Amino acid sequence: MENPSSNSTDPQTPFDPNSNFNPKTPSKTNNNNNNLIPGFNSYHPSPSRSIYSDRFIPSRTSSNFALFGLPLSPKSSNTEDSNNGYTSLLRTALFGPDSGNVVNPVTPEKGVRGNGRNLKRPNCNIFRYKTETRQRLDSLLPFEFDDQIRGVSTSPVKVPRKVPKSPYKVLDAPALQDDFYLNLVDWSSQNVLAVGLGSSIYLWHASNGKVVKLCDLENDDNVTSVGWAQRGTHLAVGTSNGKVQLWDASHGKMTRTMEGHRLRVGALSWSSSQLSSGSRDKSILQRDIRAQEDYVSKLSGHKSEVCGLKWSPDSGELASGGNDNRLFIWNNHSTQPILKYCEHTAAVKAIAWSPHLHRLLASGGGTADRCIRFWNTNTNTHLSCMDTGSQVCNLVWSKNANELVSTHGYSQNQIILWRYPTMTKIATLTGHTYRVLYLAISPDGQMIVTGAGDETLRFWNVFPSPKSQNTKSEIGASSFGRTQIR
């Protein structure tokens with residue numbers, strides 16, 4: 001191919017890449033036309049003078065001929081070492097790690113030796129076929145570095161979620177009992193919070209901040225536990241005299257009273273139309289609210305007060321914890337526990353089933369234990385144990401992420417957000433001045449409410465929103481601030 005910058009009419013005049021040619025330096029002329037550069041035999045400009053012309057004459061003084069496999073002149077051999085590193089890296093990036101076997105492209109020469117014979121074109125394939133291999137994009141860079149040396153990760157960087165350290169709302173809750181074995185707070189699927197204060201039950205509507213008094217118990221009776229049914233329209237209330245009341249919250253009236261326990265009912269858990277109640281009399285009663293009988297079966301096994309009850313998400317197993325430091329697993333086909341766990345060394349009130357992994361159970365121990373333990377009830381396996389350093393009062397799993405919250409008593413009175421299964425702390429929240437004995441989660445899975453003996457309810461935004469949900473929670477800005485629940 002003709003050089004577009006040359007207007008020589010002699011087709012056999014060669015361009016010798018080995019010559020120390022500089023277009024800005026005047027060339028010496030003699031009688032041998034073979035040593036003349038076509039078009040430059042009579043042009044002798046000053047080296048320091050700028051050249052203006054109607055043609056573009058490239059300067060090759062800084063050209064790296066070795067990169068293209070051209071022989072170097074003796075003068076350019078001094079820069080050979082400095083160019084070898086770049087040449088090797090560039091060749092590897094373009095032709096792969098086997099570039100040592102690649103034939104360097106050579107510019108075909110149309111030349112005449114002193115004897116006037118034509119030079120043969122080199123027999124090489126500048127573009128040759130080779131087996132393609134898929135390579136990462138960063139492997140095509142001229143300079144390849146280790147991720148560790150480069151300090152840049154090829155995986156996307158996940159920005160840590162910021163968890164507010166302060167509650168977005170505080171409710172005064174006078175007469176909220178400082179009793180480890182009670183469960184006095186629950187949040188319904190209809191976004192209504194039920195709170196037992198002494199002998200009264202109050203409902204706080206999260207959508208508009210409205211507070212409604214549901215009832216007052218009679219005969220010096222006190223509320224010891226509350227639990228919403230799945231549909232969020234009916235509320236079960238455990239009392240200090242051993243009875244369980246069923247209330248229609250939408251109409252504000254009691255529909256039924258069920259007996260069977262001899263002492264206070266401190267724990268309640270729903271499974272469809274079945275309601276389980278745990279008492280200080282050490283028993284668990286299974287009740288079907290569609291049946292006329294007060295209870296359909298009695299579960300015995302604990303040696304002390306039952307203070308924790310939770311049905312699994314599939315309603316196949318019931319976990320119970322007691323002041324006897326025992327954690328039992330029950331099913332619908334037996335009145336005896338199918339699994340018994342005795343690793344805790346204090347009362348087991350905190351119980352939570354994972355909504356993400358089948359039959360994964362978390363349990364927490366009291367002051368003498370301070371541990372959160374994880375169990376696979378399907379394989380009867382103790383998975384792990386985490387010493388929290390404080391009495392574990394409650395546990396709840398996030399519905400939207402593989403995270404859980406624990407609330408604590410002696411001695412830190414803190415709220416801790418954990419990432420499972422590594423059990424790394426995402427955030428530690430403080431504010432309560434007494435043991436954080438009560439915990440419930442909002443229906444959208446983002447907010448939690450905590451209650452303590454300091455007679456306050458504090459609302460926290462701790463969990464991420466559902467991936468499919470872009471709308472904000474019904475708890476609007478109008479509900480922010482501190483108010484009184486009664």
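The basis for the numbers below is simple: all heavy atoms, side chains too, and nothing from hydrogens, waters or symmetry mates. Every value quoted in this text rests on a predicted model; they were computed, and no experiment measured them.
- Arg287 has no carboxylate O lying under 4.0 Å from a charged side-chain N of Asp294, or vice versa, which leaves the two without a salt bridge.
- A side-chain donor from one of Thr377 and Glu317 sits under 3.5 Å from a side-chain acceptor of the other.
- A salt bridge links Arg359 with Asp314: the closest approach of a Lys/Arg side-chain nitrogen to an acidic carboxylate oxygen falls below 4.0 angstrom.
- Donor-acceptor pairing under 3.5 Å is lacking for the side chains of Asn394 and Tyr438.
- Between the side chains of Asp221 and Ser240, at least one donor N or O lies within less than 3.5 Å of an accepting N or O.
- For the pair Lys349 and Phe180, the distance from NZ or CZ to the six-membered ring centre is under 6.0 Å and the angle to the ring normal is within 45 degrees.
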Stepwise side chain to side chain donor-acceptor pair (under 3.5 Å) test for Asp454 and His432: CA-CA 7 Å; Asp454 56 12; His432 285 291; 3.1 Å; yes
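- Under the 3.5 Å distance criterion, with hydrogens and angles disregarded, a donor-acceptor pair is assigned to the side chains of Ser406 and Trp418.
- When Tyr420, Trp353, Phe463 are each tested for a ring-ring contact (aromatic ring centres under 6.0 Å, His included) with Trp397, only one passes: Tyr420.
- The residue from Leu182, Asp186, Val195, Asn183 that alone fulfils the side-chain contact (heavy atoms from CB on, under 4.5 Å) condition with Val226 is Asp186.
- If you check the side chains of Thr422 and Thr424, you find a donor sitting under 3.5 Å from an acceptor.
- Ring geometry for Phe459 versus Tyr168: interplanar angle of 30 to 60°, hence tilted.
- Thr257 and Gln245 share no side-chain donor-acceptor pair at under 3.5 Å.
- A donor and an acceptor atom, one from each side chain of Asp248 and His251, are located under 3.5 Å apart.
- Aromatic pair His302/Phe328: centroids less than 6.0 angstrom apart.
- Inspection of the Asp281 and His261 side chains reveals an N or O donor paired with an N or O acceptor under 3.5 Å.
- In this structure, a donor-acceptor pair under 3.5 Å is present between the side chains of Ser363 and Trp375.
- Looking only at atom types and distance, the side chain of Asn325 has no donor-acceptor partner in the side chain of Tyr341 under 3.5 Å away.
- Between Asp324 and Arg326, none of the side-chain N atoms (NZ, or NE/NH1/NH2) sits under 4.0 Å from a carboxylate O, so this pair counts as no salt bridge.
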